[in-house]
Amino acid sequence: MAGGSLLSRRTVLRACGAAGVGLGLGTVAAGCASPYADLRLRIATGNPQGVYYLLGGALAEAWQGHLRLAARPEVLTTGGSVQNVGLLSSGAADVVVSQIDTADDLFAASAPDQPRSPRALARIYDDVVHVVVRADAPYRRLADLRGSRVSVGEPSSGYFSQARLLLQAAGLNSVADVLPFPLDLPHSTDALLEGRIDAFFWTGGLPTLGVAVLSMKVPIRLLDLSDVLKPVRTEFPVYSSGTVPAQSYGIPEPVSTMLVRNVLLVAAELPDDVAAALVEALFAEQSQPLLAAASAAALTIDTRSAIGTQPVPLHPGAVRYYRSTKGV
C-alpha cells in the first residue's frame, strides 16, 4: 500500500537532506537508498487476456526499475473498471486502470475532500468497443441481434454498462429482445467458438489478445456501430467515435465503433511527490519499450494526450510533472 511506506521514505529523505544531498525524481544519491525503495503498490488491472493486465505488468516493471523499488508492485487480476474503482475507493488498490465513464461515476459520487476520491495520473490509451460475431453469421448491425444470445460482460466490468447503452440505442432491451450472458472475455470467446452464444461485447485496446487468438481459430467479424453512435454520444459525450482498421483480427474492411478513454487513477490522498514520480516513470525513456511490448495500444501514450482525463481531475503531483514538461 502506498501510504504505509511514507514514514520510511521520509526518513530516507531527511537523512539525505541532512547530508546536504539533493534528490531529484528518479535519481539516487551516492550513499543513500532510493527515497521510494519501501513504496508498496498494488495495481488493479483486468482480465489476463486483456490489455489492462498486460499493461499493468509493464507498469509494475517500469515503476520498480525507475523508482528502484525494493518490491515489484503487485498486479491484481480483476473483472475490470467497476471492480477496480471499488478497490481504489476501499483502499485495497493503490493504482487502478479504469475507463473514463466508470472513473467519472466514482468521482461524481465522492465528496471533494474525501481522501479516497479518485484523481488521474494520465490518460493512457483509448479502448475500442468490440461486438464480435462469427464471420459466417448473418449479423451486420446491433439491431440484427434481436432474438440472439449475447454476452454483455460481467457486471464488474466497465463494458457491461456500455453494452446496455448500445443495445438500447439499437432498440433492443437486453432481457426482452436478446438473451444476455454475463461472461468475461475468456468465457465469451470459448462460448462463441463452441456455438453457445451468437455475439459478445468487449471493450479493450487494439489488438486484444483474447480476440486475436479467437480470430486465429475461426474467422470473425465486428459489427458496425455507426447507426447508434450519435444518440449515445449525444447523451453521453464522454464517449467518442472511431474506426477499427481493416485487417485487425483479419477483418477485410474498417468498422465504425465507439471509443472509451482509459485513465490511471490513484486516491487524492497520495502524496504529491509519489504521484509525480509515478508519472515521470511512466514517460521515462526506459519505460517506453516495456509498455509498447505489452500492447501496441501503449504506443499512443504521450504527455500531450495524457492530460486529457476530464471530467476526472489530474492529481496535483501529476500536474506538477506535466507543467515541468510543458504538457499543461
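No hydrogens, no waters, no symmetry mates; every other heavy atom, side chains included, goes into these values.
For Ser226 and Arg141, the side-chain atoms include at least one donor-acceptor pair closer than 3.5 Å. Side-chain atoms of Glu154 and Gln83 form no donor-acceptor pair, as typed in the model, at a separation below 3.5 Å. Donor-acceptor pairing under 3.5 Å is lacking for the side chains of Tyr159 and His130. No hydrogens or angles considered: nothing links the side chains of Ser188 and Trp202 as a donor-acceptor pair under 3.5 Å. Inspection of the Asn173 and Gln168 side chains reveals no N or O donor paired with an N or O acceptor under 3.5 Å. Side-chain contact of Ser81 with Tyr52: a donor-acceptor pair under 3.5 Å is present, judged by distance alone. Side-chain atoms of Thr78 and Asn84 include a donor-acceptor pair closer than 3.5 Å. With hydrogens and angles left out, the side-chain atoms of Ser305 and Asp302 include a donor and acceptor closer than 3.5 Å. Counted by atom type alone, Ser117 and Arg119 present one or more donor-acceptor pairs between their side chains at under 3.5 Å.
The two residues Ala135 and Arg221 come nearest to each other via the heavy atoms O-NH1, 2.6 Å. The two residues Pro207 and Val51 make their nearest non-hydrogen contact at O-CG2, 3.9 Å. Between Thr257 and Val129 the shortest heavy-atom distance is OG1-O, 2.6 Å. Counting all heavy atoms, side chain and backbone alike, Leu259 lies closest to Ser241 at CD1-O, 3.6 Å. Residue Ala170 comes nearest to Leu142 through the heavy atom pair CB-CB, 3.6 Å, listed as atom of the first residue, atom of the second, then distance. Considering all non-hydrogen atoms of both residues, Ala60 and Pro73 come closest at O-CD, 3.4 Å.
Here Asp227 does not pair with Lys230 in a salt bridge; the nearest charged N to carboxylate O distance is not below 4.0 Å. In summary, Asp94 and Arg42 engage in a salt bridge, as defined by a charged side-chain N under 4.0 Å from a carboxylate O. By the 4.0 Å N-to-carboxylate-O rule, Glu61 lies too far from Arg72 to be salt-bridged with it.
No single ILVMFWY cluster, assembled from side-chain heavy atoms under 4.5 Å apart, contains both Leu264 and Val82.
For Tyr53, the OH atom sits in a loose shell: 12 or fewer heavy atoms of surrounding residues, nucleotides or ligands are nearer than 6.0 Å. Annotation: Glu285, atom CD; neighbour count of heavy atoms from other residues, nucleotides and ligands within 6.0 Å does not exceed 12. Within 6.0 Å of the CD atom in Glu253, the count of heavy atoms belonging to other residues, nucleotides or ligands does not exceed 12.
Between His187 and Phe181, the distance from one ring center to the other does not fall under 6.0 angstrom.
Judged by distance alone, the side chain of Ser34 and the main-chain N or O of Tyr36 form a donor-acceptor pair under 3.5 Å. Remark: the backbone N or O of Pro316 is not paired with any side-chain donor or acceptor of Asp272 at under 3.5 angstrom. A distance-only check finds a donor-acceptor pair linking the side chain of Arg261 to the backbone of Gln310 [under 3.5 Å]. Under a 3.5 Å cut-off, the side chain of Arg68 and the backbone N or O of Ala37 do not form any donor-acceptor pair. Under a 3.5 Å cut-off, the side chain of Trp63 and the backbone N or O of Leu278 do form a donor-acceptor pair. Using a distance-only test at 3.5 Å, with no hydrogens or angles considered, no donor-acceptor pair links the side chain of Asp104 to the main chain of Ile100.
The closest side-chain heavy-atom distance from Leu121 to Leu282 is not below 4.5 Å. Using a 4.5 Å heavy-atom cutoff, the side chains of Pro118 and Leu88 are in contact.
Each of Leu214, Val132, Thr208 was evaluated against Tyr249; a single residue qualifies, Thr208, per the side-chain contact (heavy atoms from CB on, under 4.5 Å) test. Screening Leu265, Leu106, Val263 for a side-chain contact (heavy atoms from CB on, under 4.5 Å) involving Val312 leaves a single residue, Leu265.
Below 30°, between 30° and 60°, or above 60°: for Phe283 and Tyr321 the angle between ring planes is below 30°, a parallel geometry.
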